[in-house]
Amino acid sequence: MAVRRLTETEARVARLVAAGFRDDEVAQALDLSRKTIEWHLTRLCWKVGAHSRSDLPQALATRTKEEER
C-alpha cells in the first residue's frame, strides 16, 4: 500500500486528536473553523485507513511503524 503523505496541517490535527482534543478544541488551537477541522479529519482518516475518528490513533501508530521499515 502506498503511503499518502500528510500535509502539515493534517499532521497537527492528528497530533491534537491523538492527544484527546475535541474538534472545537483543535479548531481553537489551530485558529481554524470547526468545518475545516472536520475536512482535515475526513482526509486524514482516508489517508491512514481509519474508519472513524476513534480508529485514528491506532491507524496512525500502524502507519508510523510501516514508515519506519
Side-chain angles (χ1 to χ4, degrees):
M1 178 171 130
V3 175
R4 294 175 181 94
R5 295 188 62 105
L6 301 181
T7 66
E8 186 176 323
T9 302
E10 289 167 344
R12 288 183 190 150
V13 169
R15 283 191 295 274
L16 293 172
V17 168
F21 282 57
R22 296 184 322 259
D23 289 1
D24 57 329
E25 294 170 324
V26 175
Q28 184 176 1
L30 299 180
D31 196 28
L32 297 170
S33 74
R34 185 180 171 129
K35 274 293 195 195
T36 300
I37 297 305
E38 290 172 3
W39 169 249
H40 284 301
L41 281 169
T42 298
R43 296 279 303 163
L44 184 57
C45 285
W46 177 76
K47 285 182 176 182
V48 301
H51 298 288
S52 68
R53 179 193 177 101
S54 61
D55 292 340
L56 268 176
Q58 180 63 36
L60 289 166
T62 301
R63 175 192 176 94
T64 300
K65 288 177 187 172
E66 288 175 359
E67 288 176 347
E68 289 173 353
R69 291 184 194 169

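If you're wondering where the values come from, they're calculated on a predicted model, not measured in any experiment.
Residues meeting the side-chain contact (heavy atoms from CB on, under 4.5 Å) test with S54, sequence neighbours left out: S52. Not counting sequence neighbours, the partners of R12 by the side chain to side chain donor-acceptor pair (under 3.5 Å) test are E8. Residues forming a salt bridge (charged side-chain N to carboxylate O under 4.0 Å, His left out) with R15 (at least two apart in sequence, or on another chain): none.
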What side-chain donor-acceptor pairs closer than 3.5 Å can you find for residues 22-33, not counting sequence neighbours?
| from | atom 1 | to | atom 2 | distance (Å) |
| --- | --- | --- | --- | --- |
| R22 | NE | D24 | OD1 | 3.3 |
| R22 | NH1 | E25 | OE2 | 3.4 |
| R22 | NH2 | D24 | OD2 | 3.2 |
| D23 | OD1 | R53 | NH1 | 2.2 |
| E25 | OE1 | R22 | N | 2.7 |
| S33 | OG | T36 | N | 3.1 |
| S33 | OG | T36 | OG1 | 2.9 |

Could you pull out every donor-acceptor pair under 3.5 Å between side chains of residues 37-46 and any protein atom, sequence neighbours left out?
| from | atom 1 | to | atom 2 | distance (Å) |
| --- | --- | --- | --- | --- |
| E38 | OE2 | R34 | NE | 3.4 |
| T42 | OG1 | E38 | O | 3.0 |

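When all heavy atoms are compared, the tightest approach of R5 to E10 is O-OE1, 4.2 Å.
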